[in-house]
Amino acid sequence: MSLTRRPSPKHRNDTRNQGAAMKVFLIGAAGGVGRRLAATLVAHGDTATGMHRNPEQHDAVAQSGATPVIGDIIEDTIEELAAKLAGHDAVVYSAGAHGTGKDQTTLIDGKGVEKAAAAAAKAGATKFVLVSAFADSERASGYGDGFEHYIKVKRGAEIHLTGTGLDWIIVRPGHLLDGAGDGLICAGLALREEPIRRENLAQFIREALHHPELTRTIVEVTDGQTPIAEALTHVAHSVGPRR
Ligand SMILES: NC(=O)c1ccc[n+]([C@@H]2O[C@H](COP(=O)([O-])OP(=O)(O)OC[C@H]3O[C@@H](n4cnc5c(N)ncnc54)[C@H](OP(=O)(O)O)[C@@H]3O)[C@@H](O)[C@H]2O)c1
């Protein structure tokens, strides 16, 4: 006999009724994950504010469904960021230096997370999702020093976030792919690394934000065979509430 209650097909992959609508602040909103996340949040009744640093990205952020706001995780102070975050329930951090050098990696993937976490605490936006990476991600691929630095910085940001009082979820996706999502994933505390489509990742983050039991945990996620809601329930049961 299975101890896990399987959701009926009707409710699979549909957590719209779990929790009230959220106001979510996206850091990295003009990026591949950020734009897809805004679209799925808004489609499911949440609202999104999308922070972008380049004024030319205004229209792309608006088209994703988010309300655009200019901000730079390097230049903004904690107080300036906190003012932007006021009134939001949650922050999703998917900004990244994207191979623009070690210094930028340190500032965006590392220090930026610390700054955003401090601003979120100050603003009372206590739910905080960090898009991180598999700890051993593609290290055998010979990407070299810059990539080693990236992995080290991502790890440092995770360590920092787990030491805060925020209601954090660290999401480690596999290699990110474009292309339409199918809502089928594999999620767990420790997985073999496989790719994931950004659209599946965005849907996963939206549902994770609304999952009442998924809190203060690290989840690895790849494309797979399991509907997102079901995968999230299994992960939540394996970690239990952590307050
Ligand atoms: N690529 C992969 O296979 C992979 C695998 C695992 C994890 N990840 C992680 O997944 C996350 C999101 O990926 P993605 O595909 O959405 O990346 P992306 O398309 O490069 O988006 C990242 C966004 O962050 C923004 N950003 C960079 N610096 C900023 C700053 N100082 N202030 C404000 N915004 C800033 C970028 O804006 P600009 O356009 O102005 O630069 C960009 O819009 C990243 O953190 C990445 O490390 C990626």
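When a ligand or atom number is given, it counts from 1 through the structure's own listing order.
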Query - contact_flag Lys154 ligand 1 heavy-atom lt 4.0 Å - result: yes
Requested in this report: Between His175 and ligand 1, find which residue part has any heavy-atom pair under 4.0 Å and reply side chain, backbone, both or neither.
Outcome: both
Report summary line: Quick note on ligand 1: atoms under 4.0 Å from a heavy atom of Val131 include exactly 10 (O), 11 (C), 45 (O)
Query raised in the report: Got a sec: does the CG of Asp103 have more than 12 other heavy atoms crowding it under 6.0 Å?
Result: no
Query raised in the report: Short N/O distance, under 3.5 Å, between Arg53 and ligand 1?
Result: yes
Query - Part of Ala29 with heavy atoms under 4.0 Å of ligand 1, whether side chain, backbone, both or neither - result: neither
Query raised in the report: Salt-bridged, Asp145 to Lys102, with N to O below 4.0 Å?
Result: yes
Query raised in the report: Looking at Arg198, which atoms of ligand 1 are within less than 4.0 Å of one of its heavy atoms?
Result: 15 (O)
Report task. State plainly whether one hydrophobic cluster holds both Ile70 and Val92, where clusters connect Ile, Leu, Val, Met, Phe, Trp and Tyr through side-chain heavy atoms under 4.5 angstrom apart. Result -> no
**Report entry** Arg172 contact mode with ligand 1 (heavy-atom cut-off under 4.0 Å)
**Finding:** neither
Requested in this report: Could you see which bit of Gln57 sits under 4.0 Å from ligand 1, with heavy atoms only: side chain, backbone, both or neither?
Outcome: side chain
**Report entry** Gly174-ligand 1 polar pair, N/O distance under 3.5 Å
**Finding:** no
Query raised in the report: Do Thr106 and His149 get their side chains close enough for a donor-acceptor pair, meaning under 3.5 Å?
Result: yes
Query raised in the report: For ligand 1, is any non-hydrogen atom under 4.0 Å from Asp109's backbone (N, CA, C, O), its side chain (CB onward), both, or neither?
Result: side chain
Report task. Could you list which atoms of ligand 1 come closer than 4.0 Å to a heavy atom of Asp72? Result -> 30 (C), 31 (N), 32 (N)
**Report entry** ligand 1 to Ala95 polar contact by distance, N or O atoms, under 3.5 Å
**Finding:** yes
Requested in this report: With heavy atoms under 4.0 Å as the rule, classify the contact between Ile108 and ligand 1 as side chain, backbone, both or neither.
Outcome: side chain
Query raised in the report: Can you name the side chain to side chain donor-acceptor pair (under 3.5 Å) partners of Asn200, sequence neighbours left out?
Result: Asp182, Asp223
Report task. Find out if a path of hydrophobic residues (ILVMFWY) with successive side-chain heavy-atom gaps under 4.5 Å connects Val61 to Leu26. Result -> no
Query raised in the report: Does a side-chain N-to-carboxylate-O contact under 4.0 Å join Asp46 and Lys23?
Result: no
**Report entry** Distance, nearest 0.5 Å, that separates CD of Gln203 from CG of Leu41
**Finding:** 11.0 Å
Requested in this report: Return yes or no for this condition: an N or O of Pro173 is under 3.5 Å from an N or O of ligand 1.
Outcome: no
Query raised in the report: Polar-atom distance check: Met51 versus ligand 1, any N or O pair below 3.5 Å?
Result: no
Requested in this report: Answer with yes or no whether the hydrophobic clustering places Ile78 together with Leu107; edges join I, L, V, M, F, W, Y residues whose side-chain heavy atoms lie under 4.5 Å apart.
Outcome: no
Report summary line: Numbered in order shown, the ligand 1 atoms found under 4.0 Å of a heavy atom of Ile74 are 31 (N)
Query raised in the report: Side chains of Thr40 and Phe204: closer than 4.5 Å at any heavy-atom pair?
Result: no
Query raised in the report: Is the shortest distance from a heavy atom of Ser132 to ligand 1 less than 4.0 Å?
Result: yes
Query - Per-atom contacts of ligand 1 with Tyr150, taking only distances under 4.0 Å to non-hydrogen atoms - result: 7 (C), 8 (N), 9 (C), 46 (C), 47 (O), 48 (C)
Query raised in the report: Do Ile108 and Val153 belong to the same hydrophobic cluster, where Ile, Leu, Val, Met, Phe, Trp and Tyr are linked whenever their side-chain heavy atoms lie under 4.5 Å apart, directly or via other members?
Result: no
Query raised in the report: Is there a nitrogen or oxygen of Leu176 sitting under 3.5 Å from a nitrogen or oxygen of ligand 1?
Result: yes
Report summary line: Numbered in order shown, the ligand 1 atoms found under 4.0 Å of a heavy atom of His98 are 20 (O)
Query raised in the report: Could you walk me through whether Ser132 and Arg172 pass the side chain to side chain donor-acceptor pair (under 3.5 Å) check?
Result: CA-CA 5 Å; Ser132 188; Arg172 294 178 179 158; 5.0 Å; no
Query raised in the report: By number and element, which atoms of ligand 1 are closer than 4.0 Å to a non-hydrogen atom of Ile73?
Result: 30 (C), 31 (N), 32 (N), 33 (C)
Query raised in the report: So does Lys127 pair up with Asp89, basic N to acidic O under 4.0 Å?
Result: no
